[in-house]
Undergrad: 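Just passing along the structure, written as structure tokens.
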Amino acid sequence: MSYSIDPIKVSLNDLQNRIEDTNLVPSRASLLDGIENKFKLLKQYGIKTFADLRKEIKNAKNIPSFSSKTGIDVNYLTLLRREIESYFPKPSKLKEFNWMPKDEIGKLESNGIKDTASLHHAAYDAKNAADLARSKNVDSEFMETMIKLADLCRVQWVSLITARMLVEAGYDSASALAAADSKILCNALMQVNKGGRFYKGNIGLRDIQRLIKAAGYFSD
């Protein structure tokens with residue numbers, strides 16, 4: 001099971017649909033301006049999949065040249081790069097989960113499991129969380145929680161703290177998040193954060209809708 005979405009399996013049309021269907025943050029809303037024509041230019045150049053596009057613009061240094069070849073503005077391509085790269089959250093180091101037992105995390109690290117990606121892969125390969133816990137000589141409840149956190153951290157916009165809050169609210173997987181009702185989830189997270197337990201300020205419904213939408217792109 002891949003930790004991230006597989007861009008080879010995503011057509012350029014699917015990518016365009018994702019951008020159009022996403023409640024984009026204000027700083028990226030201009031991606032919708034003339035998107036149909038810009039993606040038509042990408043197709044004319046020979047881009048067929050998300051993977052093709054990512055290969056061309058993953059390195060920001062390549063964008064000016066690609067802009068000249070396709071006729072698409074450099075600023076647009078730069079913004080597009082930021083958006084699509086945000087679909088691939090960088091794996092978090094397990095030691096960053098500082099509310100979890102350090103000695104248990106240390107056991108996982110000594111077994112070569114040092115970040116959320118390696119834990120996610122190990123969990124997929126194992127029969128179940130309990131078996132994996134025994135094989136790594138760690139507490140089974142700890143292992144189960146870490147697997148849940150690692151799964152949620154695959155989703156765009158889900159930080160370590162957000163993953164922790166989601167687990168406490170009862171949404172303990174990417175699939176559970178994808179199936180959530182935005183208003184119910186928003187209220188649940190507000191209860192988890194009652195008294196500013198995790199951060200000050202309000203939890204926005206639009207932000208919750210973004211999380212749910214992003215989680216929906218995982219098929220496993």
Undergrad: Evaluate the criterion side-chain hydrogen bond (donor to acceptor under 3.5 Å, both in side chains) for residue pair Asn62 and Ser65; output intermediate values, then yes/no.
TA: CA-CA 6 Å; Asn62 295 336; Ser65 174; over 6 Å; no
Undergrad: Output the distance between atom CG (Leu152) and atom OG (Ser159), rounded to the nearest 0.5 Å.
TA: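 Rounded to the nearest 0.5 Å, the CG-OG separation comes to 10.5 Å.
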Undergrad: Any chance the rings of Tyr217 and Phe50 have centres within less than 6.0 Å?
TA: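 Not under 6.0 Å, so no.
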Undergrad: Any idea which heavy atoms bring Lys38 and Ile72 closest together, and the distance?
TA: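 Scanning both residues, the minimum pair turns out to be O-CD1, 3.4 Å.
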Undergrad: Measuring from Ile208:CD1 to Leu185:CG, what's the distance to the nearest 0.5 Å?
TA: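 Atom-to-atom, Ile208:CD1 and Leu185:CG are 5.0 Å apart.
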Undergrad: The test is side chain to side chain contact (heavy atoms under 4.5 Å, CB included); show your working for Thr70 and Ile47 and say whether it passes.
TA: CA-CA 10 Å; Thr70 59; Ile47 302 297; over 6 Å; no
Undergrad: What's the spacing between Ser2 OG and Phe88 CZ if we round to 0.5 Å?
TA: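 One finds 8.5 Å between OG of Ser2 and CZ of Phe88.
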Undergrad: Grab the two heavy atoms, one from Leu189 and one from Ala169, that are nearest each other, plus how far apart they are.
TA: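 Smallest heavy-atom distance, with atoms named: CD2-CB, 4.0 Å.
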Undergrad: How far does NZ of Lys48 sit from CG of Leu12, to the nearest 0.5 angstrom?
TA: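 Reported to 0.5 Å precision, the distance equals 11.5 Å.
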Undergrad: Does Lys9 reach the side chain of Asp14, with side-chain heavy atoms less than 4.5 Å apart?
TA: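 Not touching, per the 4.5 Å side-chain cut-off.
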Undergrad: For Asp151, is there an ion pair with Lys148 - N to carboxylate O distance below 4.0 angstrom?
TA: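 Asp151 and Lys148: not salt-bridged.
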Undergrad: For residues 97-116, which residue pairs pass the ring pair (Phe, Tyr, Trp, His ring centres under 6.0 Å) check, not counting sequence neighbours?
TA: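 Every ring pair (Phe, Tyr, Trp, His ring centres under 6.0 Å) pair that includes a residue of residues 97-116, provided the two are not neighbours, is Phe97-Trp99.
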Undergrad: With sequence neighbours left out, write down each residue that passes side chain to side chain donor-acceptor pair (under 3.5 Å) with Asn128, or none if nothing qualifies.
TA: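 Asn128: no side chain to side chain donor-acceptor pair (under 3.5 Å) contacts found.
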Undergrad: Check whether any side-chain N or O of Ser30 sits under 3.5 Å from a backbone N or O of Asp33 as a donor-acceptor pair, and report yes or no.
TA: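 Checked: no pair found.
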Undergrad: I'd like to know if the side chain of Ser11 and the backbone of Thr49 have a donor-acceptor N/O pair within less than 3.5 Å.
TA: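 No.
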Undergrad: Would you say Leu205 has more than 12 foreign heavy atoms packed within less than 6.0 Å of its CG?
TA: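 Yes.
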Undergrad: Rounded to the nearest 0.5 Å, how far does CD of Glu56 lie from NZ of Lys69?
TA: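 If I round to the nearest 0.5 Å, the distance is 6.0 Å.
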Undergrad: Would Ile8 end up clustered with Leu53 when hydrophobic side chains under 4.5 Å apart are linked, directly or stepwise?
TA: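 No; Leu53 is not reachable from Ile8 via cluster members.
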Undergrad: Would you please test Met146 and Ile113 for side chain to side chain contact (heavy atoms under 4.5 Å, CB included) and show each step?
TA: CA-CA 11 Å; Met146 289 299 296; Ile113 301 177; over 6 Å; no
Undergrad: What closest approach, in Å, do Cys153 and Thr116 show between heavy atoms, and which atom pair accounts for it?
TA: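 Between these two residues, the closest heavy atoms are CB-CG2, 4.4 Å.
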Undergrad: Quick one: side chain to side chain contact (heavy atoms under 4.5 Å, CB included) partners of Leu24, sequence neighbours excluded?
TA: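 Leu24 satisfies side chain to side chain contact (heavy atoms under 4.5 Å, CB included) with Ile19, Thr22, Leu31, Leu32, Glu83 once adjacent residues are dropped.
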Undergrad: Distance from His120 atom NE2 to Asp125 atom CG, nearest 0.5 Å?
TA: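 Answer for the NE2-CG pair, His120 versus Asp125, is 10.0 Å.
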Undergrad: Do you know which two heavy atoms are closest between Ser182 and Ile212, and how far apart they sit?
TA: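 Shortest heavy-atom separation between Ser182 and Ile212 comes out as CA-CD1, 3.5 Å.
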Undergrad: Got more than 12 heavy atoms from elsewhere within 6.0 Å of CG, Asn202?
TA: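 No, the 6.0 Å shell around CG holds no more than 12 heavy atoms from other groups.
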Undergrad: Indicate yes or no: does Glu168 engage Arg164 in a salt bridge with an N to O separation below 4.0 Å.
TA: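 The answer is yes: the pair qualifies as a salt bridge.
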Undergrad: List the steps and the verdict of side chain to side chain contact (heavy atoms under 4.5 Å, CB included) for Ile35 and Glu20.
TA: CA-CA 8 Å; Ile35 187 172; Glu20 290 176 327; 3.4 Å; yes
Undergrad: Other residues, nucleotides and ligands only: do more than 12 of their heavy atoms fall within 6.0 Å of NZ on Lys102?
TA: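 No, the 6.0 Å shell around NZ holds no more than 12 heavy atoms from other groups.
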Undergrad: Who passes salt bridge (charged side-chain N to carboxylate O under 4.0 Å, His left out) against Arg81, sequence neighbours left out?
TA: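 Residues passing salt bridge (charged side-chain N to carboxylate O under 4.0 Å, His left out) with Arg81: none at all.
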Undergrad: Is Val167 linked to Met190 within one hydrophobic cluster, defined over Ile, Leu, Val, Met, Phe, Trp and Tyr using a side-chain heavy-atom separation of less than 4.5 Å?
TA: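 Shared cluster, yes.
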Undergrad: Do the side-chain N and O atoms of Asn75 and Thr78 include a donor-acceptor pair separated by under 3.5 angstrom?
TA: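 Looking only at side-chain atoms, Thr78 and Asn75 do not form any donor-acceptor pair under 3.5 Å.
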Undergrad: Please examine the side chains of Asp172 and Leu166, heavy atoms only from C-beta on, and report whether any two atoms are closer than 4.5 Å.
TA: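 No. Closest side-chain heavy atoms not under 4.5 Å.
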Undergrad: Nearest heavy-atom pair of Leu41 and Gly71: which atoms, and what distance?
TA: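 Taking every non-hydrogen atom into account, CD1-O, 4.2 Å.
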Undergrad: Look at the side chain of Arg210 and the backbone N and O of Gln156, then say whether any donor-acceptor pair between them is shorter than 3.5 Å.
TA: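 No; zero donor-acceptor contacts below 3.5 Å.
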Undergrad: Let me check something: any side-chain donor-acceptor pairs from residues 135-143 under 3.5 Å, sequence neighbours excluded? List them with distances.
TA:
residue : atom : partner : partner atom : Å
Ser135  : OG   : Leu132  : O            : 2.7
Asp139  : OD2  : Glu141  : N            : 3.1
Asp139  : OD2  : Phe142  : N            : 2.9

Undergrad: Assess whether atom CZ of Arg82 is packed by more than 12 heavy atoms of other residues, nucleotides or ligands within 6.0 Å.
TA: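 At most 12 heavy atoms, drawn from other residues, nucleotides or ligands, come within 6.0 Å of this atom.
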Undergrad: Identify the two heavy atoms, one from Gln16 and one from Glu36, that lie closest to each other, and give their separation to 0.1 Å.
TA: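 Closest approach of Gln16 to Glu36: NE2-CA, 3.8 Å.
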Undergrad: Which ring pair (Phe, Tyr, Trp, His ring centres under 6.0 Å) pairs, counting each pair once, include a residue from residues 13-49, with sequence neighbours left out?
TA: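 For residues 13-49: Tyr45-Phe66.
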Undergrad: Just wondering, more than 12 heavy atoms not from Gln44 lying within 6.0 Å of its CD?
TA: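 Yes, because the 6.0 Å sphere around CD of Gln44 holds more than 12 heavy atoms from other groups.
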Undergrad: Taking the six-membered ring of Tyr87, is the NZ or CZ of Arg54 close enough (under 6.0 Å from the centre) and on axis enough (within 45°)?
TA: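 Verdict for Tyr87: no cation-pi partner in Arg54.
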Undergrad: Consider only side-chain heavy atoms of I, L, V, M, F, W and Y, link residues closer than 4.5 Å, and tell whether Met100 and Ile161 are in one cluster.
TA: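 Yes: a chain of side-chain contacts under 4.5 Å links Met100 to Ile161.
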Undergrad: Kindly say whether Lys107 contributes a backbone atom to a donor-acceptor pair with the side chain of Ser110 at under 3.5 angstrom?
TA: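 Looks like yes, one N/O pair under 3.5 Å.
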Undergrad: Take Phe218 and Val155, measure what side chain to side chain contact (heavy atoms under 4.5 Å, CB included) needs, and give me the verdict at the end.
TA: CA-CA 8 Å; Phe218 287 96; Val155 180; 3.8 Å; yes
